[in-house]
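Working notes for the structure below.
Counting begins at 1 with the first residue of the sequence. Whatever order the structure lists ligands and atoms in, that order sets their numbers, starting from 1.
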Amino acid sequence: MGGRVDVAVIGGGPAGLTAGVYLGRFLRSVVVLDAGSSRARYIPASHNCPGFPHGIAGEELLERLREQAEEFGATLVRARADGLEHVDGGFEVAASGKTWRAMKVILATGLADRLPDEPWAEEAIACGALRLCAVCDAFEARDGRIALMGPADSLAGHARFLRGYTGRLAAIPTDRDIDPAAADEMRALGVEAFSHGGTLGFVGRRCQWRAADGSISEFDTVYPYLGYEGRNALVADWGLEPGEEGELKVDRYQQTARPGLYAIGDVVSGLNQISVAVGQAAVAATHAHNSLPLVPRDRAHADASG
Ligand SMILES: Cc1cc2nc3c(=O)[nH]c(=O)nc-3n(C[C@H](O)[C@H](O)[C@H](O)COP(=O)(O)OP(=O)(O)OC[C@H]3O[C@@H](n4cnc5c(N)ncnc54)[C@H](O)[C@@H]3O)c2cc1C
């Protein structure tokens with residue numbers, strides 16, 4: 001038995017750890033179960049994270065958040081939750097052969113990016129040759145030679161966003177040729193549109209596109225828009241009707257259709273950002289706290305602290 005807690009948080013990325021900080025400071029018992037694969041670990045340096053004008057690496061941010069959550073009493077457990085059930089008006093969470101009983105559960109399980117299926121993908125992310133989130137870091141890539149790749153239908157929208165950052169932009173369709181109307185739009189935007197077919201390579205610290213005709217183009221940065229999957233497997237059969245990419249639907253308190261079950265961060269959001277994840281964590285943790293029974297503070301605590 002893992003124990004009884006007021007709240008079990010599943011996922012220890014920025015969202016789950018921030019929920020841990022808030023709940024600890026609300027003097028609630030909280031366990032944060034984490035499988036250890038936060039998307040934030042991929043971030044070489046984030047420059048849009050509030051309060052870090054010179055940037056912060058994702059691993060360091062996670063470490064600081066872990067320290068902060070523990071400082072206020074959250075219990076952090078490295079384990080993958082593999083079962084979640086609704087029992088007796090509360091929840092039972094199973095992980096690594098143990099179970100936790102919790103009155104509320106906050107799902108902060110994030111999402112899984114679909115990366116190019118290449119052995120070098122993580123190395124290319126680490127040096128910024130592959131970037132996964134233009135909102136996060138197109139600023140750093142600005143004025144470089146940038147390619148975006150993804151399904152033909154999706155390219156024009158991404159090109160409009162990225163064209164504001166560079167005059168050297170190319171679009172690579174991964175499923176079929178770009179249709180004539182989209183190709184016209186690309187031309188009008190000054191975006192080079194490739195035909196379908198070719199291979200992406202990684203040489204030194206840059207990506208290379210070898211087109212079907214054998215020609216090679218080098219890019220400082222490639223943004224692959226290959227989609228992602230919300231990590232919602234624990235509640236897959238709960239009838240919560242997630243969106244197309246697995247994102248869970250919540251109310252304004254981050255509560256799902258199942259009372260007492262909250263969802264925060266990338267598993268919910270359309271804008272997958274740390275600031276959004278931590279904001280949602282604050283909202284969910286506060287609502288969960290306010291809907292738990294009051295535990296009046298014993299005078300003995302004041303007497304003990306003088
Ligand atoms: C390359 C890259 C660069 C980025 N740069 C920025 C940036 O500069 N600024 C910015 O704001 N955002 C950036 N992001 C996005 C940011 O990383 C995410 O928005 C953020 O990490 C979301 O936090 P989260 O807690 O919701 O999910 P995550 O950080 O992904 O954490 C989810 C956690 O849940 C755990 N988990 C999943 N399932 C289970 C389970 N069953 N049991 C236990 N644990 C589980 C996972 O192992 C993981 O540790 C970037 C992302 C990438 C990939």
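In the vicinity of L132, heavy-atom distances shorter than 4.0 Å reach the ligand 1 atoms 53 (C). Close approach of ligand 1 to I10 is summarised as follows: ligand atoms under 4.0 Å from at least one heavy atom of the residue are 40 (C), 42 (N), 43 (C). Against a heavy-atom cut-off of under 4.0 Å, G12 is close to the following atoms of ligand 1: 33 (C), 34 (O). The atoms of ligand 1 that sit less than 4.0 Å from any heavy atom of G265 are 26 (O). Annotation for ligand 1: atoms under 4.0 Å from non-hydrogen atoms of N272 are 15 (C), 19 (O).
Using a 4.5 Å cut-off on side-chain heavy atoms (C-beta onward), Y262 and Q255 make contact. Side-chain atoms of L115 and Y42, non-hydrogen and from C-beta on, do get closer than 4.5 Å to each other. Looking at heavy atoms from C-beta onward, P293 lies out of side-chain contact with V295 at the 4.5 angstrom threshold. By the 4.5 Å heavy-atom criterion applied to side chains, N272 and C133 are not counted as neighbours. Annotation: side chain of V235 is not in contact with side chain of T256 (no heavy-atom distance under 4.5 Å). Within the 4.5 Å cutoff, no side-chain heavy atoms of D34 are placed close to those of L76.
Ion pairing of R64 with E60 is present here, as a side-chain N (NZ or NE/NH1/NH2) and a carboxylate O approach within less than 4.0 Å.
Ligand 1 has a nitrogen or oxygen under 3.5 angstrom from a nitrogen or oxygen of A81. Considering backbone and side-chain atoms alike, A277 places every N or O at 3.5 Å or more from each N or O of ligand 1. Residue N48 has at least one N or O atom closer than 3.5 Å to an N or O atom of ligand 1. On a distance-only criterion, S46 and ligand 1 share at least one N/O pair closer than 3.5 Å. Any N or O atom pair closer than 3.5 Å counts here, and H47 shares no such pair with ligand 1. The shortest N or O to N or O distance between A35 and ligand 1 is under 3.5 Å. Checked against a 3.5 angstrom limit, the closest N/O atoms of D137 and ligand 1 fall outside it.
Of all protein heavy atoms, the one closest to atom 4 (C) of ligand 1 is I43 CG1, 3.3 Å. Regarding atom 32 (C) of ligand 1, its nearest protein heavy-atom neighbour is A108 O, 3.3 Å. Protein heavy atom closest to atom 52 (C) of ligand 1, with residue, atom name and distance, is R39 O, 4.1 Å. Of the protein's heavy atoms, C136 SG, 3.1 Å lies nearest to atom 6 (C) of ligand 1. For atom 16 (C) of ligand 1, the closest non-hydrogen atom on the protein side is I274 CG1, 4.0 Å. Considering only non-hydrogen protein atoms, atom 27 (O) of ligand 1 sits nearest to G110 CA, 3.6 Å. For atom 18 (C) of ligand 1, the nearest protein heavy atom (residue, atom name, distance) is D266 OD2, 3.2 Å. The shortest contact between atom 46 (C) of ligand 1 and any protein heavy atom is with S37 OG, 3.4 Å.
The heavy atom nearest to atom 24 (P) of ligand 1, out of those in G36, A15, A40, G11, is found in A15. For atom 48 (C) of ligand 1, the nearest non-hydrogen atom from the set A19, S38, A79 belongs to S38. Across the listed options G13, C49, S96, G13 owns the non-hydrogen atom lying nearest to atom 31 (O) of ligand 1.
In this pair, W238 and H86 present their aromatic rings parallel. The plane angle is below 30°, not in the 30 to 60° band. In this structure, Y253 and H287 have parallel ring planes: the angle between them is below the 30° cut-off, well short of the 60° mark. In this structure, Y165 and F161 have tilted ring planes: the angle between them lies in the 30° to 60° band.
Contacts between Q273 and ligand 1 below 4.0 angstrom, taking non-hydrogen atoms only, involve backbone and side chain alike. Counting heavy atoms closer than 4.0 Å to ligand 1, residue L234 contributes side-chain atoms (C-beta onward) but none from N, CA, C or O.
One distance of note links SG of C136 with CZ of R39; it measures 7.0 Å at 0.5 Å rounding. Note that the CD1 atom of I43 and the CD1 atom of I125 stand 11.0 Å from one another [nearest 0.5 Å].
Checked against D220 for a salt bridge (charged side-chain N to carboxylate O under 4.0 Å, His left out), the options R206, R205, R145, R131 give a single hit: R206.
A285 and Y22 get closest at one heavy-atom pair: CB-CB, 3.6 Å. Across V135 and N48, no two heavy atoms sit closer than the pair O-ND2, 3.9 Å.
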